[in-house]
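Side chains are part of it too, since the values below use all heavy atoms of this structure and drop only hydrogens, waters and symmetry mates. Every chain is numbered from 1 and lettered A, B, ... according to where its sequence line falls, protein lines coming before strand lines. Please read these numbers as outputs of a predicted model, since none were measured by experiment.
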Number of protein chains: 2
Amino acid sequence: MNLPIGELSRRTAVKVPTIRFYEQIGLLPKPPRTEGNQRRYGKAEVDRLNFIRHARELGFEVDDIRDLLAMSAEPQASCHTADSIARNHLVEIERRIASLTALKGELTRMIDECGHGHICDCRIIEALADHSQCYGDH
Amino acid sequence: MNLPIGELSRRTAVKVPTIRFYEQIGLLPKPPRTEGNQRRYGKAEVDRLNFIRHARELGFEVDDIRDLLAMSAEPQASCHTADSIARNHLVEIERRIASLTALKGELTRMIDECGHGHICDCRIIEALADHSQCYGDH
DNA sequence: GATAGGACCTCTAGCCACTAGAGGATCAAG
DNA sequence: CTTGATCCTCTAGTGGCTAGAGGTCCTATC
């Protein structure tokens, strides 16, 4: 357990430059170095980075992750904050799913209606132009 | 129909700085100016910008939009490209929906399992850490 | 014709979360 | 001892805007 950055990368599926970037923005602590100035990581960093990656995949922002990591470091604290971060996030995800589902419907319709002929008959171009009246809904 | 940029913005729900940005990256042509150097737009620009906004809302990237605009400018061309841009986009959207739906399930479970007590019992932190083994699926 | 204040102008820099590339040092195997 | 993969730092670029500074123009009212 004295892993170079490439091995940490392999074990966490986080790219090497991204690991260095996370260190730079303070998401990962500065690890010890070899005499030749190369980073060496242990089990704790593998866990922490996996935590970070998973949270990023779930769509949490870096600031949220910072909060979550800080909380997990003090197990006596209330999990109220973690709960509300997750709840806010759930609302946002539901909103995104709804919006993407609507887009999917519209795209599918556009593709179905495309006559596969020339642009002048093509519903894709037309559909994009047609909706010039539906102003933003946010 | 000799609209200043603010009026174009109102009619298309695209913010003024964004309109100037679109001009800068070549999505919108450079409009004529008044003697005092202010932009003036006509009906064509309202349409074009509405097309752009709608395509952006549907999640098309600027490069895709550039292609779609170029195609719509030559109505005798085949719409094969428009079709494949839209199809690729649909695949991507379906992928995102599936992934967000999975995340939603996981977040819901996390929130349900959170004991509303202390971090040491909180499933939110744990759930994020737990999945340290599920490597990226892309 | 003067003036007020809103809308406009250009330009630079910042946002997020990375990603790419230059140019060089180090490490491990043969 | 050499090879070549991996590592280092540093700067700059990505996409799609957004914000702010510092100044000019337009139009309505007095």
Side-chain angles (χ1 to χ4, degrees), chain A residues 1-28 30-42 45 48-69 89 92 96 99 103 136 138, chain B residues 2-28 30-41 45 48-49 51-69 85 88-89 92 96 99 136 138:
Chain A
M1 267 314 198
N2 209 12
L3 316 170
I5 197 167
E7 184 55 29
L8 178 62
S9 169
R10 238 162 281 123
R11 295 197 188 196
T12 57
V14 175
K15 286 175 192 158
V16 168
T18 305
I19 295 174
R20 290 199 272 250
F21 169 74
Y22 284 164
E23 179 183 327
Q24 196 186 306
I25 62 171
L27 264 196
L28 280 179
K30 302 199 175 199
R33 306 275 185 133
T34 63
E35 295 206 344
N37 198 34
Q38 301 197 352
R39 292 165 179 86
R40 286 302 118 102
Y41 296 94
E45 280 69 45
R48 190 179 177 97
L49 192 49
N50 270 319
F51 181 102
I52 293 168
R53 180 184 53 79
H54 194 223
R56 286 291 302 136
E57 278 170 6
L58 284 167
F60 289 95
E61 289 174 14
V62 164
D63 277 354
D64 287 340
I65 297 175
R66 234 187 281 271
D67 290 349
L68 291 169
L69 282 167
H89 200 61
E92 174 60 18
R96 276 194 239 169
S99 139
L103 302 189
H138 44 87
Chain B
N2 209 14
L3 315 171
I5 199 167
E7 184 55 29
L8 179 62
S9 169
R10 239 162 281 124
R11 294 195 187 196
T12 57
V14 175
K15 287 176 193 158
V16 168
T18 305
I19 295 174
R20 290 197 273 248
F21 170 75
Y22 285 164
E23 178 182 328
Q24 194 186 306
I25 63 172
L27 263 196
L28 281 180
K30 301 197 179 206
R33 305 275 185 134
T34 63
E35 295 206 344
N37 198 35
Q38 301 198 351
R39 293 165 178 86
R40 286 300 117 105
Y41 296 94
E45 280 70 44
R48 190 180 177 96
L49 192 48
F51 182 102
I52 294 168
R53 180 183 51 80
H54 194 223
R56 285 292 301 135
E57 278 170 6
L58 284 169
F60 287 96
E61 289 173 15
V62 163
D63 278 352
D64 288 338
I65 296 175
R66 235 187 281 271
D67 291 349
L68 291 169
L69 282 166
I85 289 173
N88 286 343
H89 196 59
E92 174 61 20
R96 277 193 239 165
S99 146
H138 43 88

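- In DNA chain D, runs of at least 3 stacked Watson-Crick or G-U pairs (N1-N3 plus N6-O4 or O6-N4, or N1-O2 plus O6-N3, all under 3.5 Å) give these stems: C:1-30 with D:1-30.
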Would you list the protein and nucleotides 28-30 of chain C atom pairs, both N or O, that sit under 3.5 Å from each other?
none

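- Atom CG in L3(B) sits about 16 Å away from atom C1' in dC26(D), given to the nearest Å.
- Contact check, Y22(A) against dC18(C): a side-chain N or O comes under 4.0 Å of OP1 or OP2.
- Note that CD1 of I65(B) is 6.0 Å distant from CG of L27(B), once rounded to the nearest 0.5 Å.
- With rounding to the nearest 0.5 angstrom, the CD atom of Q24(B) is 9.0 Å from the NZ atom of K30(B).
- When all heavy atoms are compared, the tightest approach of R66(A) to I25(A) is NH1-O, 2.7 Å.
- Between the CD atom of E35(A) and the P atom of dT26(C) there is a distance of 11 Å, given to the nearest Å.
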Atom pairs, protein N/O to nucleotides 19-21 of chain C N/O, distance under 3.5 Å:
unit_1	atom_1	unit_2	atom_2	d
dT19(C)	OP2	T18(A)	OG1	3.1

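- Scanning for salt bridge (charged side-chain N to carboxylate O under 4.0 Å, His left out) contacts around R48(A) gives an empty result, with sequence neighbours left out.
- Contact record, Y41(A) with E45(A): CD2-CG, 3.5 Å, taken as the closest heavy-atom pair.
- One atom, CG of L8(B), and another, C1' of dC8(C), lie 14 Å apart when rounded to the nearest Å.
- The line from CZ of F51(A) to CG of L69(A) is 5.0 Å long, rounded to the nearest 0.5 Å.
- Going from atom CG of L49(A) over to atom CG of L8(A) covers 5.0 Å, rounded to the nearest 0.5 Å.
- Scored by the side-chain contact (heavy atoms from CB on, under 4.5 Å) test, V16(A) finds I5(A), S9(A), R20(A) as partners (sequence neighbours excluded).
- One can place CD1 of I19(B) at 17 Å from P of dG16(D), the figure rounded to the nearest angstrom.
- At the phosphate of dC8(D), OP1 or OP2 sits under 4.0 Å from a side-chain N or O atom of R39(A).
- Atom-to-atom, CD of E23(B) to C1' of dT10(C) comes out at 12 Å; the value is rounded to the nearest Å.
- One can place CG of D64(B) at 9 Å from P of dG16(D), the figure rounded to the nearest angstrom.
- Of the inter-residue distances, the one linking I85(B) atom CD1 with D64(B) atom CG reads 5.0 Å to the nearest 0.5 angstrom.
- When distances are taken from the side chain of Q38(B) to each of dC7(D), dC26(D), dT9(D), the shortest belongs to dC26(D).
- One can place CG of L49(A) at 11 Å from P of dC18(C), the figure rounded to the nearest angstrom.
- Here OG1 of T18(A) is found 11.5 Å from CD1 of I52(A). Values are rounded to the nearest 0.5 Å.
- Regarding E57(B), its CD atom lies at a distance of 15 Å from the C1' atom of dG16(D), rounded to whole Å.
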Within the sub-3.5 Å range, which N or O atoms of nucleotides 10-15 of chain D have a protein N or O partner, and how far apart are they?
none

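- Counting only distance, with no hydrogens or angles, the side chain of R53(A) and the backbone of T12(A) share a donor-acceptor pair below 3.5 Å.
- In this model, the phosphate group of dC26(D) is approached by a side-chain N or O of T34(B) to a distance below 4.0 Å at OP1 or OP2.
- Judged as a side-chain contact (heavy atoms from CB on, under 4.5 Å), and not counting sequence neighbours, the contacts of P4(A) are E7(A), R40(A).
- Every salt bridge (charged side-chain N to carboxylate O under 4.0 Å, His left out) that R39(B) has, sequence neighbours left out, goes to E23(B).
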